[in-house]
Structure formats: structure tokens, C-alpha cells
Amino acid sequence: MSQEQQAVERARKAFLTGRSKPLEYRIRQLKNLQRLFVEKQKEIADAVKKDLNKSEVGTQLYETLGLESEINLAVKKVKEWAAPRPVEKNLLTISDTVYIQPEPLGVVLIIGAWNYPWAVTIQPLIGAIAAGNAAVVKPSEVCVHTSKVMADLLPIYIDKELYPVVTGGVPETQELLRQRFDHIFYTGNCAVGKLIMEAAAKHLTPVTLELGGKSPCYIDKNCDLSIACRRVAWGKYTNCGQTCIAPDYILCEASIQDRVIEEVKKSIKNFYTDDPKTCSDYGRIINQRHFKRVLALTEDSTIAVGGDHDESDCYIAPTVLRDVKPDAKVMQEEIFGPLLPILPVNGLDDAIKYINRGEKPLALYIFTPDDKVIKRMIEETSSGGVLANDCLVHYSVNALPFGGVGNSGMGCYHGKYSFDQLSHLRACLIKKLNMEGVNDMRYPPHTPKKLGWARFFLLSNPDLGWMGRMALLAALVVVAAVVLQKYFL
Ligand code: NAD
């Protein structure tokens with residue numbers, strides 16, 4: 001039996017003991033996980049530094065702070081999330097108990113990506129634990145150091161049978177995918193997303209796919225360009241552009257292009273000094289393969305800012321490309337690197353047309369002081385999320401669902417959405433063995449009269465308050481009594 005198979009079997013066996021289900025157990029595991037982020041910050045940061053050249057503060061800011069906040073929320077709310085959720089009743093169910101009971105799915109497979117290796121791998125795990133599941137955690141092998149630290153640390157803090165870590169690359173992931181899971185939560189690129197879905201289909205396993213794509217950023221000519229460009233530059237160059245929701249490219253009118261370039265340039269200097277290569281807050285491309293891929297994207301475009309690079313260090317300077325054409329190489333795929341192409345357009349209509357010609361993006365950014373422009377952009381396009389006048393920060397609002405649409409993914413998570421995504425929302429209808437007279441309308445022999453009653457019960461949908469419901473209940477009892485008398489007594 002392969003190592004991967006063993007891990008899945010152990011997780012399932014542990015799940016079947018039922019110990020992941022009690023709320024106290026879930027909360028204890030979540031608190032243990034929280035302790036990991038407090039006690040092992042140094043190990044975590046050292047590994048992320050080696051993988052992506054993130055600073056220690058940067059790792060806390062972009063990786064673990066959000067996880068701590070997510071754990072806090074789950075610990076506080078899990079009782080409420082896991083409780084039965086009463087639903088609205090209709091005339092037929094007025095005297096019944098009708099509710100949704102969230103229940104754990106079973107064993108979840110979590111496949112993480114390398115760009116925010118803790119954030120994108122542990123965030124779904126928090127949801128899985130809160131929802132009472134077992135989870136097999138597969139961090140990305142591309143972030144070599146982090147994946148090892150995660151495999152070393154998680155079993156020290158949380159139940160290692162219920163939540164095992166499996167490390168390895170494509171063959172190991174493929175072996176995992178041959179196993180049967182109750183849900184697969186994948187973060188990564190679209191091409192592999194399709195393979196995940198194919199593998200999941202063999203077992204009819206539901207999937208959440210957190211994918212990427214080209215997230216557009218429209219800058220209106222009437223906005224404060226200094227503020228807008230600072231926010232865009234932060235969104236783009238954080239983690240060296242390797243952020244799934246980074247603004248991929250700018251759409252703006254040609255008349256403001258030079259000012260946009262100047263403002264982005266100013267922000268680059270403010271954030272990363274004159275020499276980003278020596279700045280501790282400027283990251284590196286994850287590996288040489290991606291370095292070569294990103295650099296090749298600049299080939300047929302004009303560099304306005306940056307452009308210098310060093311292959312031995314996987315360094316590419318924060319770069320702006322100007323007058324980029326839609327058929328340029330950089331516009332054919334998600335950049336996932338520190339290149340910011342500017343595509344001149346003829347205003348909002350043109351920008352909307354351009355966006356709608358492409359796949360539905362994960363994020364869509366609009367910079368404008370005009371609410372009407374924001375409204376039009378929201379109404380006339382589609383994307384996983386929309387953020388006006390800022391970048392990235394919608395990710396940190398755990399009251400908002402985070403996820404893609406179309407090519408940028410399916411399913412969503414964060415906060416309660418993670419809990420729901422990794423739960424089965426079980427429909428529960430609890431009736432009593434009385435009021436049989438009311439049921440007569442559905443029993444043969446079927447007659448027009450009974451149909452008339454059925455139409456009344458199913459189609460009238462009065463908006464009743466508590467008093468109204470009580471009055472109706474009383475009326476129903478009378479109707480039931482009449483029906484009983486008429487047909488049975
Ligand atoms: P990656 O190379 O780390 O791959 C992700 C996972 O898929 C890894 O665990 C890897 O082992 C596995 N994998 C790779 N090839 C496989 C194969 N052939 N069969 C089975 N498993 C395989 O990460 P990546 O895909 O380079 O990540 C970058 C992409 O992820 C970007 O497109 C980015 O936008 C997207 N992303 C999305 C989100 C989000 O929340 N939507 C977050 C981060 C990254």
C-alpha cells in the first residue's frame with residue numbers, strides 16, 4: 001500500500017471513530033493550530049524567506065495573520081454555524097420541524113499552491129476542521145522549505161491521524177487523487193484544475209477549485225492617480241507579482257498613461273527603494289522555470305519602468321510595460337510575476353468590452369470616484385470578486401465569499417463560507433404521525449377536489465407573522481377535522 005493510500009486510510013479510520021465531530025474537539029484543534037502560528041513563527045518565516053524571499057514581517061502580514069483571524073472567527077462562531085438552521089415553512093409544513101443540519105462530509109483532500117503556501121493550504125484546513133471533517137493536507141512541493149516545515153509542525157500541534165500531511169510532487173498528488181475523498185479542495189492553475197476535476201469525477205467527489213487568471217484593473221481618468229497607482233503598485237508587486245488576485249494589467253485611456261507610469265514608478269521607489277534587489281520587502285520569483293516564463297512575456301512589449309533581472313537570483317525588477325497590444329505575449333496568460341502591462345482603451349465602454357472578451361477573472365479592480373462607473377462595471381461584467389479603489393484586500397474580509405467563476409474557479413471559502421463549503425447541508429423535515437386528514441389530498445384516488453386543496457396548500461404563500469402562523473395552525477386543525485369527518489368518519 002502506498003504512503004498516500006495509508007494516510008487516506010488512517011484519516012478515514014480516524015474520521016469513523018467520530019472524534020472530529022464534537023464541537024469541543026474541533027475548537028481544541030483550532031486553538032492548537034493557532035498556537036502553532038504563535039510558537040513557530042520563526043521556523044515558518046525562515047522557510048518562507050528561503051522559498052520566496054519574504055521578510056519575517058511580510059510572512060506574518062500576508063500569510064499567518066489572516067489565518068489567525070480566520071481561526072479566531074471559527075472558534076467564536078463554530079457553535080452557531082454547526083447548529084440546526086430553521087427554515088421558512090409553508091402551509092404544508094406549518095406544524096412540522098423544518099431545518100438544515102450541517103454535517104461533516106468525511107475526508108477532505110486539500111491541495112495547496114506555492115505562492116502563499118501557508119495561507120492557501122491552511123485556510124481550507126481551518127474550514128475542514130471547523131466543519132468536523134478529516135483532511136489530508138498536500139502542500140505544494142514547489143515551495144520546498146515550507147512544505148517540509150508544514151509536514152514537521154502540523155502533526156505536533158493537531159491530530160496527526162485526522163489531519164495528516166502528505167508531501168511530494170506530481171506523482172504523489174496523482175496517487176492521492178486515485179483515492180476516494182468526500183471533497184477535494186484545490187488551489188493552483190487552471191490546467192491542473194481540470195485534471196483534479198477529472199480525477200474527482202471517477203468517485204463523484206465534489207471539488208472546490210481556487211484557480212487564477214488575468215484580473216483586470218480599470219483606472220478612470222478622473223481619479224486621484226497618485227493614490228490609485230500606489231494601491232495598484234502594492235497589489236501588483238507584493239510577493240513579486242505572484243498573487244492569484246494581483247491586478248494582472250491596467251486598462252486606461254491613452255491620455256493618462258504617462259501619468260500612470262510616473263505614479264507607479266514613484267510608488268515602486270517608495271516601497272522598494274531605488275534598488276529593489278537589495279530591499280528586504282521585495283520578493284523573488286519562485287524558481288528558474290517561472291523566471292524564464294515571466295521574462296519571456298516581456299519580449300514583444302515596450303518596457304517603461306524596470307526590466308532588469310538576474311537569473312541566478314530569480315530576480316525580476318518591478319516592471320511596467322506601456323502601449324501593450326491585446327495580442328502581446330504578456331496578454332495571453334496570467335502573468336504571475338512583477339510585470340504590469342498598460343493597455344490603452346477608449347474609456348469605460350471599451351474597457352468593459354475588452355474584459356468581457358476574456359475568461360471570467362478571479363478579481364476585477366476599478367479605480368474611480370464615480371459610483372456610476374463602479375455600478376456599470378459590476379453590472380456589465382463578471383468575476384469572482386470586485387474591488388473598487390483598492391487591491392487585494394477583499395481577500396481579508398471573511399464575511400465575503402472568496403472564489404472564482406468560470407475559468408477562475410468554482411466554489412468559495414473564507415469564514416462561514418469555508419464551513420458551508422466543507423459541510424453537507426442536510427435537509428431535515430420532522431413530522432408527527434398526526435394530522436393525517438391533511439395528507440388525504442395526496443393519496444389516491446386523485447380527484448379534482450383534492451387537487452384544488454393541493455393547489456391551495458402549495459401555491460398560497462402568505463407572509464405570516466408568529467400570530468398569523470398560530471391562527472393558520474388553528475384553521476388547519478379545523479380543516480383537518482372537517483376533512484377527516486368528511487372522508488373517514
Ligand atoms: P503548484 O505548481 O504548486 O501546483 C498546485 C498543486 O497542484 C501542487 O500541490 C502540486 O503538487 C499539484 N500538481 C501540480 N501538477 C499536478 C498534476 N499534473 N497532477 C496533480 N497535481 C498536480 O501551483 P501553481 O499551479 O503554479 O500555482 C499558481 C496558480 O495558482 C496561479 O494560476 C494562481 O493564480 C493560482 N492560485 C489561485 C489561488 C486562489 O485562491 N484562487 C491562490 C493561489 C494561487
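First listed ligand is number 1; within each ligand, the first listed atom is number 1.
With salt bridges taken as basic N to acidic carboxylate O contacts below 4.0 Å, none links Lys353 and Asp349. Using a 4.0 Å cut-off between charged nitrogen and carboxylate oxygen, Glu175 and Arg178 count as a salt-bridge pair. Under the 4.0 Å criterion applied to side-chain N and carboxylate O atoms, Arg12 and Asp182 are assigned as salt-bridge partners. Ion pair Asp420/Arg85 flagged as a salt bridge, since at least one NZ, NE, NH1 or NH2 atom sits closer than 4.0 Å to an Asp/Glu carboxylate oxygen. Ion pairing between a basic and an acidic side chain is recognised when a charged N comes within 4.0 Å of a carboxylate O; Asp159 and Arg19 show such pairing. A salt bridge is defined here as a Lys NZ or Arg NE, NH1 or NH2 lying under 4.0 Å from an Asp or Glu carboxylate O, and Lys292 with Glu311 meets this definition.
Among protein heavy atoms, atom 7 (O) of ligand 1 sits closest to Tyr186 CE1, 3.4 Å. Nearest to atom 35 (C) of ligand 1 among the protein's heavy atoms is Gly188 O, 3.4 Å. Protein heavy atom nearest atom 40 (O) of ligand 1, with residue, atom name and distance: Phe402 CE2, 3.3 Å. Protein heavy atom at the shortest distance from atom 34 (O) of ligand 1 is Glu334 OE2, 2.6 Å. Nearest non-hydrogen protein atom to atom 14 (C) of ligand 1 is Val192 CG2, 3.9 Å. Among all protein heavy atoms, the one lying closest to atom 11 (O) of ligand 1 is Glu141 OE1, 2.6 Å. Of the protein's non-hydrogen atoms, Gly112 O, 3.3 Å is the one closest to atom 6 (C) of ligand 1. Of the protein's non-hydrogen atoms, the one nearest atom 39 (C) of ligand 1 is Cys244 SG, 3.4 Å.
At a heavy-atom distance under 4.0 Å, no atom of Glu172 approaches ligand 1. Using a 4.0 Å cut-off between heavy atoms, Leu211 contacts ligand 1 through its backbone alone, with no side-chain atom that close. Both the backbone and the side chain of Asn189 come within contact range of ligand 1, each with a heavy atom under 4.0 Å.
Taking every non-hydrogen atom of Thr173 and a distance limit under 4.0 Å, the qualifying atoms of ligand 1 come out as 11 (O), 20 (C), 21 (N). Residue Glu210 approaches ligand 1 through these ligand atoms, each under 4.0 Å from one of its heavy atoms: 37 (C), 38 (C), 39 (C), 40 (O), 41 (N). Shown in contact with Ser140 at under 4.0 Å from a heavy atom are these atoms of ligand 1, numbered in order with element: 1 (P), 3 (O), 9 (O). Below 4.0 Å from some heavy atom of Leu195 lie the following atoms of ligand 1, by number and element: 18 (N). Within the listing of ligand 1, atoms 18 (N), 19 (N) sit less than 4.0 angstrom from a heavy atom of Gln174. In the vicinity of Val120, heavy-atom distances shorter than 4.0 Å reach the ligand 1 atoms 42 (C), 43 (C). In the vicinity of Ala113, heavy-atom distances shorter than 4.0 Å reach the ligand 1 atoms 3 (O), 23 (O), 27 (O). Interface atoms of ligand 1 facing Lys138, defined by a heavy-atom separation under 4.0 Å, are 8 (C), 9 (O), 10 (C), 11 (O).
The nearest non-hydrogen atom to atom 12 (C) of ligand 1, considering only Ile111, Leu209, Asn115, Val142, comes from Ile111. The option with the heavy atom closest to atom 42 (C) of ligand 1, from among Ile286, Val166, Thr187, Asn287, is Thr187. When Tyr395, Phe336, Trp114, Tyr413 are ranked by how near their heavy atoms come to atom 33 (C) of ligand 1, first place goes to Phe336.
Checked against a 6.0 Å centroid threshold, the rings of Trp114 and Phe336 count as neighbours. With ring centers used as reference points, Tyr237 lies 6.0 Å or more from Tyr282. Proximity of the aromatic rings of Tyr395 and Tyr116 is defined here by a centroid distance below 6.0 angstrom, and this criterion is not met.
Asp248 and Leu340 get closest at one heavy-atom pair: O-CD1, 4.3 Å. Residues Ile303 and Gly307 approach most closely at CD1-CA, 4.0 Å, considering heavy atoms.
Within the structure, the closest approach of Tyr116 to ligand 1 does not fall below 4.0 Å when heavy atoms are considered.
Annotation: Lys194, atom NZ; neighbour count of heavy atoms from other residues, nucleotides and ligands within 6.0 Å does not exceed 12.
The closest side-chain donor-acceptor pair between Gln123 and His414 falls under 3.5 angstrom. Remark: the Asp275 side chain and the Thr273 side chain contain no N/O donor-acceptor pair separated by less than 3.5 Å.
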